[in-house]
Amino acid sequence: MTVTDPETPAGWVPESPDNGVNGVTGVDDAEEDMPLSLRLSIADTLTLGNATCGFMAVYFTTTGILIPHLTGSDESGMARHSAATAVILMLCAAVFDLFDGLVARKLRSSPMGAELDNLSDLISFGLAPAYFVLVYGMVADDAHQRVAAVGAIVVLLAVVLRLARFSCVTLRDGVFQGMPSPFGALTVVSIVLLELPFVATLLAIIGTAWLMVSRVEYPKPRGPLAVAMLAWIVAAMGLLAAWAFDAPGGQLLLQTGCALQLVLGAVIPLFATARRVNNFRDNRREARAAQLP
(Lines give C-alpha, C1' and ligand atoms only; values in the text may rest on other atoms or scores of the structure.)
Protein backbone atom coordinates (compact mmCIF):
# COMPACT_ATOMS: atom_id res chain seq x y z
CA MET A 1 0.00 0.00 0.00
CA THR A 2 1.29 3.45 -0.88
CA VAL A 3 0.76 6.26 1.59
CA THR A 4 0.95 9.82 0.25
CA ASP A 5 1.53 12.75 2.55
CA PRO A 6 -0.85 15.54 1.56
CA GLU A 7 1.78 18.14 2.51
CA THR A 8 4.43 16.66 0.21
CA PRO A 9 5.11 18.88 -2.83
CA ALA A 10 4.11 17.41 -6.15
CA GLY A 11 7.67 17.70 -7.43
CA TRP A 12 8.69 14.88 -5.14
CA VAL A 13 6.54 12.29 -6.99
CA PRO A 14 7.74 11.87 -10.57
CA GLU A 15 5.23 10.73 -13.14
CA SER A 16 6.53 8.84 -16.15
CA PRO A 17 4.80 7.38 -19.18
CA ASP A 18 5.91 3.86 -18.28
CA ASN A 19 4.79 4.31 -14.64
CA GLY A 20 8.34 3.61 -13.54
CA VAL A 21 8.36 0.04 -14.82
CA ASN A 22 11.72 0.41 -16.51
CA GLY A 23 13.01 2.83 -13.91
CA VAL A 24 14.87 4.87 -16.53
CA THR A 25 12.33 7.51 -17.43
CA GLY A 26 11.22 7.81 -13.84
CA VAL A 27 14.76 8.54 -12.66
CA ASP A 28 15.27 11.20 -15.33
CA ASP A 29 12.01 12.90 -14.42
CA ALA A 30 12.91 12.66 -10.72
CA GLU A 31 16.17 14.52 -11.37
CA GLU A 32 14.36 17.16 -13.41
CA ASP A 33 11.65 17.60 -10.77
CA MET A 34 14.06 17.54 -7.83
CA PRO A 35 13.84 20.79 -5.82
CA LEU A 36 16.74 23.16 -6.40
CA SER A 37 17.53 23.02 -2.67
CA LEU A 38 18.62 19.38 -3.08
CA ARG A 39 20.98 19.89 -6.02
CA LEU A 40 24.67 20.24 -5.21
CA SER A 41 26.62 22.84 -7.14
CA ILE A 42 30.36 22.77 -7.85
CA ALA A 43 30.87 25.18 -4.97
CA ASP A 44 28.97 22.81 -2.65
CA THR A 45 31.27 19.96 -3.67
CA LEU A 46 34.29 22.05 -2.71
CA THR A 47 32.61 22.82 0.61
CA LEU A 48 32.17 19.10 1.28
CA GLY A 49 35.88 18.69 0.55
CA ASN A 50 36.47 21.25 3.30
CA ALA A 51 34.46 19.13 5.77
CA THR A 52 36.27 15.95 4.73
CA CYS A 53 39.69 17.53 5.34
CA GLY A 54 38.58 18.67 8.79
CA PHE A 55 37.40 15.19 9.74
CA MET A 56 40.62 13.59 8.49
CA ALA A 57 42.63 16.11 10.52
CA VAL A 58 40.85 14.82 13.63
CA TYR A 59 41.54 11.25 12.50
CA PHE A 60 45.30 11.78 12.11
CA THR A 61 45.49 13.68 15.39
CA THR A 62 43.88 10.71 17.12
CA THR A 63 45.66 7.80 15.44
CA GLY A 64 49.08 9.38 15.08
CA ILE A 65 49.39 11.42 18.26
CA LEU A 66 46.87 10.51 20.95
CA ILE A 67 46.71 6.72 20.59
CA PRO A 68 50.52 6.21 20.49
CA HIS A 69 50.78 8.37 23.60
CA LEU A 70 48.09 6.41 25.45
CA THR A 71 49.55 3.05 24.46
CA GLY A 72 53.06 4.00 25.53
CA SER A 73 54.62 4.04 22.08
CA ASP A 74 58.31 4.84 21.74
CA GLU A 75 57.44 8.07 19.91
CA SER A 76 56.09 10.36 22.60
CA GLY A 77 54.74 13.86 22.48
CA MET A 78 53.54 15.50 19.27
CA ALA A 79 54.46 12.97 16.57
CA ARG A 80 55.86 15.02 13.73
CA HIS A 81 54.38 13.21 10.78
CA SER A 82 50.86 12.99 12.16
CA ALA A 83 50.88 16.53 13.52
CA ALA A 84 52.12 17.86 10.18
CA THR A 85 49.53 15.80 8.28
CA ALA A 86 46.71 17.06 10.50
CA VAL A 87 47.73 20.70 10.05
CA ILE A 88 48.24 20.26 6.29
CA LEU A 89 44.70 18.89 6.09
CA MET A 90 43.42 22.01 7.88
CA LEU A 91 45.34 24.08 5.33
CA CYS A 92 43.71 22.07 2.52
CA ALA A 93 40.34 22.79 4.15
CA ALA A 94 41.22 26.50 4.04
CA VAL A 95 41.99 26.18 0.31
CA PHE A 96 38.61 24.53 -0.29
CA ASP A 97 36.96 27.27 1.76
CA LEU A 98 38.71 29.93 -0.29
CA PHE A 99 37.77 28.45 -3.64
CA ASP A 100 34.16 27.52 -2.86
CA GLY A 101 33.39 31.20 -2.36
CA LEU A 102 35.16 32.18 -5.58
CA VAL A 103 33.37 29.47 -7.55
CA ALA A 104 30.01 30.39 -6.03
CA ARG A 105 30.44 34.00 -7.15
CA LYS A 106 31.58 33.05 -10.64
CA LEU A 107 29.09 30.24 -11.31
CA ARG A 108 26.25 29.58 -8.94
CA SER A 109 25.54 28.31 -5.46
CA SER A 110 22.66 26.16 -4.34
CA PRO A 111 20.31 27.34 -1.58
CA MET A 112 22.16 24.94 0.73
CA GLY A 113 25.50 26.64 0.09
CA ALA A 114 25.56 28.95 3.09
CA GLU A 115 24.46 26.22 5.50
CA LEU A 116 26.96 23.71 4.12
CA ASP A 117 29.72 26.30 4.40
CA ASN A 118 28.98 27.01 8.07
CA LEU A 119 28.76 23.32 8.98
CA SER A 120 32.00 22.50 7.15
CA ASP A 121 33.80 25.44 8.75
CA LEU A 122 32.64 24.24 12.16
CA ILE A 123 34.30 20.86 11.55
CA SER A 124 37.53 22.06 9.95
CA PHE A 125 38.15 25.32 11.81
CA GLY A 126 36.28 24.68 15.05
CA LEU A 127 36.38 21.01 15.99
CA ALA A 128 39.74 20.12 14.38
CA PRO A 129 41.88 22.89 15.98
CA ALA A 130 40.05 22.57 19.32
CA TYR A 131 40.75 18.83 19.32
CA PHE A 132 44.37 19.58 18.40
CA VAL A 133 44.64 21.79 21.49
CA LEU A 134 42.98 19.12 23.63
CA VAL A 135 45.42 16.43 22.51
CA TYR A 136 48.33 18.84 23.03
CA GLY A 137 47.22 19.18 26.66
CA MET A 138 47.34 15.39 27.03
CA VAL A 139 50.71 14.68 25.43
CA ALA A 140 52.89 17.74 26.12
CA ASP A 141 55.24 17.40 29.08
CA ASP A 142 54.49 20.75 30.73
CA ALA A 143 50.78 20.93 29.86
CA HIS A 144 47.80 20.52 32.16
CA GLN A 145 45.12 18.34 30.62
CA ARG A 146 42.05 19.90 32.24
CA VAL A 147 43.21 23.46 31.67
CA ALA A 148 43.98 22.63 28.04
CA ALA A 149 40.49 21.17 27.74
CA VAL A 150 39.08 24.53 28.83
CA GLY A 151 41.18 26.25 26.17
CA ALA A 152 39.91 23.80 23.54
CA ILE A 153 36.30 24.49 24.55
CA VAL A 154 36.93 28.24 24.31
CA VAL A 155 38.24 27.81 20.74
CA LEU A 156 35.27 25.65 19.73
CA LEU A 157 32.69 28.01 21.23
CA ALA A 158 34.39 31.03 19.65
CA VAL A 159 34.04 29.46 16.21
CA VAL A 160 30.42 28.47 16.89
CA LEU A 161 29.54 32.01 17.98
CA ARG A 162 31.42 33.57 15.09
CA LEU A 163 29.70 31.41 12.48
CA ALA A 164 26.29 32.04 14.04
CA ARG A 165 26.89 35.79 14.06
CA PHE A 166 28.09 35.68 10.47
CA SER A 167 24.72 34.23 9.45
CA CYS A 168 22.77 36.93 11.30
CA VAL A 169 24.75 40.15 10.90
CA THR A 170 24.96 42.09 7.64
CA LEU A 171 28.17 44.07 7.12
CA ARG A 172 29.45 46.28 4.37
CA ASP A 173 30.85 44.40 1.43
CA GLY A 174 34.47 43.26 1.56
CA VAL A 175 34.95 42.81 5.31
CA PHE A 176 34.47 40.23 8.04
CA GLN A 177 33.66 41.07 11.64
CA GLY A 178 36.09 39.19 13.83
CA MET A 179 39.04 37.06 12.78
CA PRO A 180 37.90 34.62 10.05
CA SER A 181 37.66 31.08 11.38
CA PRO A 182 40.22 29.58 8.92
CA PHE A 183 42.77 32.24 9.89
CA GLY A 184 41.93 31.70 13.56
CA ALA A 185 42.33 27.92 13.28
CA LEU A 186 45.74 28.25 11.63
CA THR A 187 46.80 30.72 14.31
CA VAL A 188 45.74 28.33 17.08
CA VAL A 189 47.70 25.38 15.66
CA SER A 190 50.69 27.66 15.04
CA ILE A 191 50.67 28.58 18.71
CA VAL A 192 50.70 24.90 19.67
CA LEU A 193 53.48 24.02 17.21
CA LEU A 194 55.69 26.81 18.56
CA GLU A 195 55.97 24.80 21.79
CA LEU A 196 55.93 27.85 24.03
CA PRO A 197 55.53 27.48 27.82
CA PHE A 198 52.07 26.19 28.67
CA VAL A 199 50.76 29.40 30.25
CA ALA A 200 51.90 31.50 27.28
CA THR A 201 50.38 28.98 24.88
CA LEU A 202 47.03 29.00 26.69
CA LEU A 203 46.88 32.81 26.87
CA ALA A 204 47.71 33.13 23.17
CA ILE A 205 45.00 30.59 22.27
CA ILE A 206 42.40 32.42 24.37
CA GLY A 207 43.47 35.72 22.79
CA THR A 208 42.97 34.24 19.32
CA ALA A 209 39.52 32.97 20.33
CA TRP A 210 38.63 36.46 21.55
CA LEU A 211 39.70 37.97 18.22
CA MET A 212 37.36 35.57 16.41
CA VAL A 213 34.34 36.89 18.33
CA SER A 214 35.52 40.50 18.43
CA ARG A 215 34.19 43.34 16.28
CA VAL A 216 37.54 43.96 14.62
CA GLU A 217 37.06 44.14 10.85
CA TYR A 218 39.15 41.87 8.62
CA PRO A 219 39.31 42.19 4.82
CA LYS A 220 37.79 39.40 2.76
CA PRO A 221 40.34 37.44 0.68
CA ARG A 222 39.55 38.70 -2.81
CA GLY A 223 41.76 39.53 -5.75
CA PRO A 224 45.45 40.02 -4.82
CA LEU A 225 44.69 39.25 -1.17
CA ALA A 226 43.25 35.85 -2.12
CA VAL A 227 46.37 35.11 -4.18
CA ALA A 228 48.60 36.13 -1.27
CA MET A 229 46.61 33.93 1.10
CA LEU A 230 46.88 30.95 -1.24
CA ALA A 231 50.64 31.50 -1.58
CA TRP A 232 50.98 31.66 2.20
CA ILE A 233 49.05 28.39 2.60
CA VAL A 234 51.27 26.63 0.05
CA ALA A 235 54.39 27.97 1.79
CA ALA A 236 53.05 26.76 5.14
CA MET A 237 52.52 23.28 3.68
CA GLY A 238 56.13 23.28 2.52
CA LEU A 239 57.36 24.28 5.98
CA LEU A 240 55.31 21.52 7.61
CA ALA A 241 56.63 18.93 5.15
CA ALA A 242 60.22 20.00 5.81
CA TRP A 243 59.62 19.73 9.56
CA ALA A 244 57.88 16.36 9.29
CA PHE A 245 60.72 14.78 7.30
CA ASP A 246 63.38 16.35 9.55
CA ALA A 247 64.95 18.36 6.75
CA PRO A 248 68.00 20.50 7.63
CA GLY A 249 66.72 23.59 9.36
CA GLY A 250 63.15 22.25 9.24
CA GLN A 251 62.47 23.01 12.89
CA LEU A 252 63.70 26.57 12.53
CA LEU A 253 61.69 27.09 9.35
CA LEU A 254 58.53 25.82 11.02
CA GLN A 255 59.02 28.05 14.06
CA THR A 256 59.63 31.03 11.78
CA GLY A 257 56.43 30.32 9.86
CA CYS A 258 54.40 29.87 13.04
CA ALA A 259 55.82 33.07 14.51
CA LEU A 260 54.92 34.93 11.30
CA GLN A 261 51.36 33.60 11.53
CA LEU A 262 51.11 34.95 15.08
CA VAL A 263 52.54 38.31 14.01
CA LEU A 264 49.95 38.55 11.23
CA GLY A 265 47.22 37.63 13.68
CA ALA A 266 48.29 40.44 16.00
CA VAL A 267 49.15 43.11 13.41
CA ILE A 268 46.01 42.92 11.29
CA PRO A 269 43.71 43.93 14.20
CA LEU A 270 46.04 46.83 15.03
CA PHE A 271 45.92 48.13 11.46
CA ALA A 272 42.14 47.64 11.36
CA THR A 273 41.69 49.50 14.65
CA ALA A 274 43.97 52.35 13.54
CA ARG A 275 42.06 52.67 10.27
CA ARG A 276 38.76 52.72 12.15
CA VAL A 277 40.01 55.44 14.50
CA ASN A 278 41.28 57.52 11.57
CA ASN A 279 37.94 57.16 9.77
CA PHE A 280 36.13 58.25 12.93
CA ARG A 281 38.33 61.33 13.25
CA ASP A 282 37.86 62.22 9.59
CA ASN A 283 34.08 61.93 9.95
CA ARG A 284 34.11 64.21 13.00
CA ARG A 285 36.21 66.78 11.16
CA GLU A 286 33.85 66.71 8.20
CA ALA A 287 30.85 67.09 10.50
CA ARG A 288 32.42 70.06 12.26
CA ALA A 289 33.36 71.66 8.96
CA ALA A 290 29.78 71.25 7.74
CA GLN A 291 28.45 73.02 10.85
CA LEU A 292 30.64 76.08 10.35
CA PRO A 293 28.94 79.09 8.64
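- Atom CG of Leu98 is separated from atom CG of Leu230 by 6.5 Å, given to the nearest 0.5 angstrom.
- Cluster membership check: Val234 does not share its hydrophobic cluster with Val87, using side-chain heavy-atom separations under 4.5 Å among Ile, Leu, Val, Met, Phe, Trp and Tyr.
- Expressed to the nearest 0.5 Å, how far CG of Leu48 lies from CG of Leu119 amounts to 10.0 Å.
- You'll find the side chain of Ile205 reaches within 4.5 Å of the side chain of Val155, heavy atoms only.
- Neither side chain, Trp243 nor Gln255, offers a donor N or O lying under 3.5 Å from an acceptor on the other.
- When all heavy atoms of Ala158 and Ala209 are compared, the pair lying nearest together is CB-O, 3.6 Å.
- Counting heavy atoms from C-beta outward, Thr201 and Pro197 have side chains that stay 4.5 Å or more apart.
- Between Val133 and Ala152, the closest heavy-atom pair is CG1-N, 4.0 Å.
- Between Phe132 and Val188, every side-chain heavy-atom pair lies at or beyond the 4.5 Å cut-off.
- You'll find the ring centres of Phe60 and His81 outside the 6.0 Å limit.
- With Ser124 contributing its side chain and Asn50 its backbone, the two residues share a donor-acceptor pair below 3.5 Å.
- In plain terms, the two heavy atoms of Val189 and Leu186 that are nearest each other are CG2-O, 3.2 Å.
- Remark: the backbone N or O of Gln177 is paired with a side-chain donor or acceptor of Arg165 at under 3.5 angstrom.
- Taken from CD in Glu195 to CG in Asp141, the straight-line distance is 9.5 Å, to the nearest 0.5 Å.
- Linking ILVMFWY residues whenever their side-chain heavy atoms come closer than 4.5 Å, directly or via other members, places Leu91 and Met229 in the same cluster.
- Placement of Leu193 and Met237 within a single hydrophobic cluster is found when ILVMFWY residues are connected by side-chain heavy-atom separations under 4.5 Å, directly or transitively.
- Counting only heavy atoms from C-beta outward, the side chains of Thr63 and Tyr59 approach each other to under 4.5 Å.
- In the hydrophobic cluster analysis, where Ile, Leu, Val, Met, Phe, Trp and Tyr join through side-chain heavy atoms closer than 4.5 angstrom, Val160 is grouped together with Phe166.
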Requested in this report: Verify side chain to side chain contact (heavy atoms under 4.5 Å, CB included) between Val135 and Tyr131, making sure each step is shown before the conclusion.
Outcome: CA-CA 6 Å; Val135 172; Tyr131 186 71; 3.8 Å; yes
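- Nearest heavy-atom pair across Gly54 and Ile123 is C-CG2, 4.0 Å.
- To the nearest 0.5 Å, atom CZ of residue Phe183 and atom CE of residue Met212 are 11.0 Å apart.
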Report task. Show your reasoning for whether side chain to side chain contact (heavy atoms under 4.5 Å, CB included) applies to Tyr218 and Val216. Result -> CA-CA 7 Å; Tyr218 286 76; Val216 177; 3.8 Å; yes
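- By the rule that hydrophobic residues join a cluster once side-chain heavy atoms approach within less than 4.5 Å of another member, Leu89 and Leu156 end up as members of separate clusters.
- Remark: the backbone N or O of Gly178 is not paired with any side-chain donor or acceptor of Arg215 at under 3.5 angstrom.
- Residue-environment remark: CD (Glu115) stays at or below the threshold of 12 foreign heavy atoms within 6.0 Å.
- Arg162 contributes a side-chain N or O that, together with a main-chain N or O of Met179, makes up a donor-acceptor pair within less than 3.5 Å.
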Report task. Output, in order, the C-alpha distance, side-chain angles, deciding distance and verdict of side chain to side chain contact (heavy atoms under 4.5 Å, CB included) for Phe245 and Arg80. Result -> CA-CA 8 Å; Phe245 290 100; Arg80 285 193 174 190; over 6 Å; no
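- The structure places CG of Asp97 at 11.5 Å from CZ of Phe99, a figure rounded to the nearest 0.5 Å.
- By the 6.0 Å contact criterion, CZ on Phe198 is enclosed, its count of non-hydrogen atoms from other residues, nucleotides or ligands being greater than 12.
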Requested in this report: Please step through side chain to side chain contact (heavy atoms under 4.5 Å, CB included) for the pair Leu163 and Val159, ending with a clear verdict.
Outcome: CA-CA 6 Å; Leu163 293 174; Val159 175; 3.8 Å; yes
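- In this structure, Leu239 and Thr256 have side chains that are not in contact, with every pair of non-hydrogen atoms separated by 4.5 Å or more.
- Although no hydrogens or angles enter the test, the distance criterion places no donor-acceptor pair under 3.5 Å between the side chain of Ser82 and the main chain of Thr61.
- Counting heavy atoms from C-beta outward, Leu127 and Val58 have side chains that approach closer than 4.5 Å.
- Put simply, CD1 on Ile65 and CG on Leu70 are 11.5 Å apart, with the number rounded to the nearest 0.5 Å.
- The main-chain N or O of Thr47 is found under 3.5 Å from a side-chain atom of Ser120 such that the two form a donor-acceptor pair.
- Nearest heavy atoms, Ser190 versus Leu262: CB-CD1, 3.8 Å.
- Taking all atoms of both residues into account, the shortest heavy-atom contact from Ala94 to Ile233 is CB-CD1, 3.9 Å.
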